[in-house]
Structures are given as C-alpha cells and as structure tokens.
A.B. asks: 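Please read through the structure below; I'll follow up with questions.
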Amino acid sequence: MRGQMMDYPLTLTHVLDRARQLYGKKEIVTKAGPTLARYTYTEMTERVARLANALEKLGVRRGDRVATFAWNNARHLELYFAVPCMGAVLHPLNLRLPGDQLAYIVNHAEDQVVFVDTSLLPAVEKLAPHLKSVKHYVVMDDKVPADCSLESVYAYEELLGAASPDYPWPHLDENDAAAMCYTSGTTGNPKGVVYSHRSIMLHCLGLTMADSLGLCERDTFLPVVPMFHVLAWGTPFACTMIGAKQVFPGPHLQPRDLAELIQAEKVTFAAGVPTIWFGLLALLDKERYDLSSLRATVVGGAAAPRSMIEGFEKKHGIKIVHAWGMTETSPLGTTANLKSYQLELSEDEQFAIRAKQGTPVPLVEMRGIDEQGQEIPWDGKTFGELEVRGPWIINSYYNDERSKDSFHDGWFKTGDVVTIDADGFMLIVDRAKDLVKSGGEWISSQDLENAIMSHPKVAEAAVIAIPHPKWQERPLACVVPKPDYKDSITKEEIYEHLRPHYSAMYLPDDIVFIESVPKTSVGKFDKKVLRVQFKDHVMPER
Ligand code: AMP
C-alpha cells in the first residue's frame with residue numbers, strides 16, 4: 001500500500017513565496033562602509049523578481065550557471081534566490097583563491113554570467129581573458145565604473161531598474177540543480193559539488209531544528225562565514241525560510257567591525273570559522289562591548305578548541321555551538337549539543353563533550369571505517385575514517401573522475417579520521433593527511449594544537465609532521481604567542497603545560513614561535529604552507 005500524501009516539490013520557490021507572504025516587514029541589513037543599508041523582505045522579494053527578468057534578458061536559461069564574486073551583502077542574497085528559482089544554477093566563487101584556480105573553476109563550471117562587487121572588479125578584470133564561457137559581467141552597484149575594462153558589462157541597479165517586478169516563476173523539479181560550490185583546501189584542482197533544490201530545502205529544515213542550530217524567526221543572524229564557503233553554510237536560505245532578520249557584514253570582517261555590528265543590530269546568532277572567533281575573543285578580553293544579545297554562535301569548518309568555547313562562555317557569557325561539516329555535506333553534519341542526561345555531568349566533563357564535533361543531525365548517518373575496512377566500535381577510542389550519508393550529502397562530484405575514489409557502498413568518504421563514543425559523539429582526530437605517524441602510533445595534530453592553544457600565553461598553534469629517520473614522522477609545533485607575551489614566552493612553559501596530559505612520545509620534538517599561522521582561502525590553518533616552510537627544520541634530539 002502506498003502513502004496517499006501530495007508529492008509536493010521541495011524547491012526554493014516555496015521559500016521565496018513564504019518570505020513575501022509572511023515576513024514582508026522583517027529587515028535585511030548590510031554593512032556598507034561606515035553606514036548600514038537596510039530594507040525589508042518585501043523589497044527584497046520584489047527585487048529578486050526584477051533580477052530574474054534581467055537575467056532572462058541576458059540570455060540565462062534553465063540549468064545555466066551564474067557565478068558571483070562578492071562579499072556577504074543583500075544583492076548577493078537576491079542572487080541566491082533569483083538564480084535558482086528561475087531554474088538556473090547559482091555558483092558563488094571563492095574570492096580568496098589564486099587566479100589560476102578561479103579560472104579553472106569558472107571554465108569547468110562553464111559559468112555564463114559573472115556578478116561582481118565593485119571592490120573586487122580588479123581581480124575579475126585580470127581573470128577575464130582566461131574565462132572561456134562567460135558572456136556577460138554584472139557589476140553589483142549603481143553604475144559601471146568608467147575605467148572598467150570588461151566587455152559586455154552591465155550595472156546591477158540599471159538592470160533591475162529596467163526590469164519588471166513580476167516574474168512568472170517556473171515549476172521546478174526538486175532534484176534540479178540549484179547551486180554549486182567548489183571544494184577548497186584539497187590537493188589538485190578544486191572539485192565541484194552540485195546542490196539540488198531538494199537537498200537545500202531539507203538542509204534548511206536541518207538548520208532550524210531545535211536540537212541542531214535552532215535558527216528561528218526571532219533570530220537576528222550574522223553570517224560571518226562567506227557566502228562562497230558552502231553557501232554561507234546554507235544559512236541565507238534557512239533564515240529566509242523562517243523570516244529571521246539577516247545582517248550581512250560586507251567586507252568588514254575585522255573583530256572590531258564584527259563586535260560593533262553585533263552590538264548595533266542586536267545580533268542573536270552568528271556563524272563562522274574558529275579564526276574569526278579567536279580574533280573576537282582577543283578583542284573582548286581587552287575592550288568592552290555589549291554583546292548580550294548574542295544567544296549563540298556556531299563555530300565549524302575547523303576544530304573549535306575547548307579553550308575558546310570556555311573563554312567565550314565563562315568570560316563573556318556567549319555560547320558556542322561546535323559543528324562539523326564539509327562542502328560535500330551542504331555542510332551541516334554534526335552538532336555538539338549536550339543530551340539531557342549529560343547536563344548532570346560536571347562542568348569539566350560537559351566542556352570536554354562540547355569540544356567534540358558532536359552527533360549527527362537527523363537525516364545524516366555516520367560511521368567510522370578502520371584500515372581493514374571494518375566499522376569501528378563506538379567506544380571513543382578506536383580510530384577510523386568518517387563516512388556519512390543522507391539527503392544533503394554529495395553523491396558524485398561534478399564532471400570529475402575523482403568521484404570514483406570518494407564513495408564506499410553508497411557512503412561518502414570524508415577523509416576525516418575520527419573516534420565515536422558510546423553516546424554517539426564524533427571527535428575529529430585529524431584530517432587523514434595531518435596525522436603525525438610516529439613509530440606505528442598516530443599522533444593527532446589537532447589534539448596537540450588544542451592543548452597548546454589552552455596555554456594562556458598562546459594565540460594560535462599548528463602542529464605538523466616532520467620526516468624522521470627512526471620514527472618516520474615527529475611533530476613540530478608552530479606557535480603564535482599572544483602579543484603581550486611575544487618576548488617572554490618560552491618553549492619550556494609549553495612543554496610543562498603539556499606534560500601532565502601526554503606521554504613523552506606524544507610531545508612535539510620541537511616548538512617554534514611564528515608571527516601568525518598561514519590561513520587557507522576560507523580562513524582555516526594552512527598547514528601546507530608550514531610544511532614547506534619547515535621542511536628542512538632540524539629537530540633537536542629528545
Ligand atoms: P570544507 O569543505 O572546506 O568546509 O572543509 C571540510 C573539512 O573541514 C572537514 O572535512 C574537516 O576536516 C574540517 N572541519 C569542518 N568542521 C570541523 C570541525 N568542527 N572540527 C574539525 N574539523 C572540521
């Protein structure tokens with residue numbers, strides 16, 4: 001017997017309709033220089049329809065890819081809806097990637113139109129001669145600057161001004177492509193991940209569940225995570241679905257900009273990678289801001305060290321929700337929310353659990369696979385590669401042969417090495433390639449980094465493997481002292497801090513002090529650069 005319920009398509013058109021019908025009075029704010037630009041969802045949805053008409057005039061058809069090269073702002077949000085809802089495919093480009101990789105990505109995706117913020121025009125002008133499929137450029141501003149060298153270039157506001165505010169949104173198949181992002185940080189060329197309307201819609205429900213992030217209408221949401229990094233973790237879609245007020249920081253991402261914005265707009269929920277929050281924490285330790293509106297921030301994309309979670313919470317009353325995900329997982333995979341019976345544990349035990357990456361959100365399944373291909377027990381000790389599956393997890397890369405190595409019996413192989421405990425909390429031990437393989441033992445660079453970063457004089461720490469004649473590899477810790485301790489910090493202090501918790505085998509063979517840890521295009525520690533920098537480092541005998 002079949003169920004007798006409607007086969008209602010899960011498409012973003014539904015989100016757009018809801019926003020127009022239900023949330024017309026709610027605000028969308030963008031930081032633009034010293035001022036804040038604000039308008040309502042009523043205006044936003046009308047402009048989305050104008051934009052769809054303009055895109056059609058430019059020749060954009062169903063399935064065509066439309067790229068964006070832009071900061072987090074309201075026009076970018078309009079593209080997030082106009083492009084997928086007219087049946088085309090939104091493709092935000094990572095504006096921090098080197099030119100050759102960007103050209104590869106645009107050519108591989110065969111983007112037809114590129115939307116670009118005025119401040120980013122010089123990069124696109126340089127890139128343009130290498131872009132084979134692009135027919136038009138649109139500058140996201142009132143006018144095209146007089147000295148712009150691009151051909152077939154239009155101004156966003158002129159296109160919208162000339163377009164009708166009515167657009168007959170087509171009926172779409174929920175499995176149609178809505179957006180795509182390319183992975184960063186992998187070796188070789190970036191790989192394309194194509195999200196469907198259905199996957200984004202289900203992911204929106206995932207983000208709004210009380211036991212995951214619980215985003216809701218009463219929230220004022222600040223995506224610090226760039227809109228090119230896994231679609232700002234899907235949050236612009238989810239916030240629009242539930243009518244939350246959205247606050248976009250534009251290019252203003254310095255800790256002071258963020259603190260001022262949170263204070264001025266009474267932000268209740270924010271999202272970003274740990275690097276952003278390290279900076280904000282250091283600022284809050286020194287200067288006073290009223291951030292009492294902030295009920296939580298979600299931190300993911302790299303490990304949120306326990307010291308950071310504790311620092312925000314104990315000193316500033318700001319709750320951190322630690323989450324794990326990937327471009328390939330839309331990205332929400334796990335969140336580290338305590339279960340009811342864990343609330344009875346000591347504060348120390350609770351922080352230890354919340355610093356793990358957490359339990360999978362509903363509809364995502366996880367398992368760990370060991371080197372023999374066996375599933376690891378959920379004992380919190382055994383290491384294995386994390387595999388996941390679910391309706392918002394990738395099933396193949398876009399036109400990419402490497403897809404064949406990325407799946408195992410219908411599960412996606414994440415490349416993350418994990419343990420899973422009896423309560424179902426997953427802990428990322430390391431990226432497989434970052435583990436230090438020492439004499440048959442695996443040393444977790446991430447674990448050591450977190451321990452070093454809990455030292456009060458340390459701002460950041462990255463641990464890398466250095467080849468070793470006897471042990472195969474040994475850990476080297478690259479440590480950034482907090483500015484006040486630059487001249488006084490010693491290696492011995494750090495060793496003393498680590499010794500009570502680690503055997504001699506686990507301790508780094510050497511510690512070097514550096515100015516800053518290099519960052520990837522999405523703000524994570526870039527250990528590739530450190531590996532090159534320290535490839536000839538001579539470790540002392542220990
Ligand atoms: P990306 O696709 O660029 O977002 O990178 C995904 C990778 O980031 C994952 O495979 C993990 O290695 C890492 N990652 C994401 N979230 C976390 C987290 N909470 N803790 C540790 N690593 C994380």
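Counting from 1, the numbers follow the sequence of the chain as shown. When a ligand or atom number is given, it counts from 1 through the structure's own listing order. Note that this is a predicted model, so its numbers are computed, not measured.
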A.B. asks: Of the choices P190, G325, G300, which has the non-hydrogen atom that lies closest to atom 15 (C) of ligand 1?
C.D. replies: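 Looking at heavy atoms only, the winner is G325.
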A.B. asks: Please confirm whether the backbone N or O of N94 pairs with a side-chain atom of Y182, one donor and one acceptor, at under 3.5 Å?
C.D. replies: no
A.B. asks: For A303, is at least one N or O under 3.5 Å away from an N or O on ligand 1?
C.D. replies: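 Yes; at least one N/O pair falls below 3.5 Å.
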A.B. asks: Below 4.0 Å from ligand 1: does a non-hydrogen atom of A323 turn up there or not?
C.D. replies: yes
A.B. asks: Should the pair D416-R431 be classified as a salt bridge under the 4.0 Å nitrogen-to-oxygen rule?
C.D. replies: yes
A.B. asks: For a side-chain hydrogen bond (donor to acceptor under 3.5 Å, both in side chains) with S454, tell me which candidate from H501, H497, R306 qualifies.
C.D. replies: H497
A.B. asks: Hey, would you say the H203 and F237 ring centroids sit under 6.0 Å apart?
C.D. replies: no
A.B. asks: In ligand 1, which numbered atoms sit nearer than 4.0 Å to a non-hydrogen atom of W324?
C.D. replies: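 Per the distance check, 9 (C), 11 (C), 14 (N), 15 (C), 16 (N), 17 (C), 19 (N), 23 (C).
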A.B. asks: Specify side chain, backbone, both or neither for D416, according to which of its non-hydrogen atoms lie closer than 4.0 Å to ligand 1.
C.D. replies: side chain
A.B. asks: Going by heavy-atom distance to atom 10 (O) of ligand 1, choose the closest among M426, H322, K524, R431.
C.D. replies: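 Comparing heavy atoms across M426, H322, K524, R431, the nearest one to atom 10 (O) of ligand 1 lies in R431.
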A.B. asks: Is it true that a side-chain atom of E473 and a backbone atom of S438 form a donor plus acceptor pair closer than 3.5 Å?
C.D. replies: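 A pair under 3.5 Å: no.
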A.B. asks: For the backbone of L343 and the side chain of Q350, can you confirm whether one donor and one acceptor N or O come within less than 3.5 Å of each other?
C.D. replies: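 Answer holds: yes.
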A.B. asks: Which residue from K356, Q357, K433, K191 reaches closest to atom 20 (N) of ligand 1 through any of its heavy atoms?
C.D. replies: Q357
A.B. asks: Taking only heavy atoms of H229, which atoms of ligand 1 are found under 4.0 Å from at least one of them?
C.D. replies: 1 (P), 3 (O), 4 (O)
A.B. asks: With atoms numbered from 1 as shown, which atoms in ligand 1 lie under 4.0 angstrom from a non-hydrogen atom of M326?
C.D. replies: 2 (O), 6 (C), 9 (C), 10 (O)
A.B. asks: In terms of atom number and element, which parts of ligand 1 are under 4.0 angstrom from non-hydrogen atoms of Q446?
C.D. replies: 21 (C)
A.B. asks: Should we say atom CH2 of W471 is surrounded by more than 12 heavy atoms from elsewhere, each under 6.0 Å from it?
C.D. replies: no
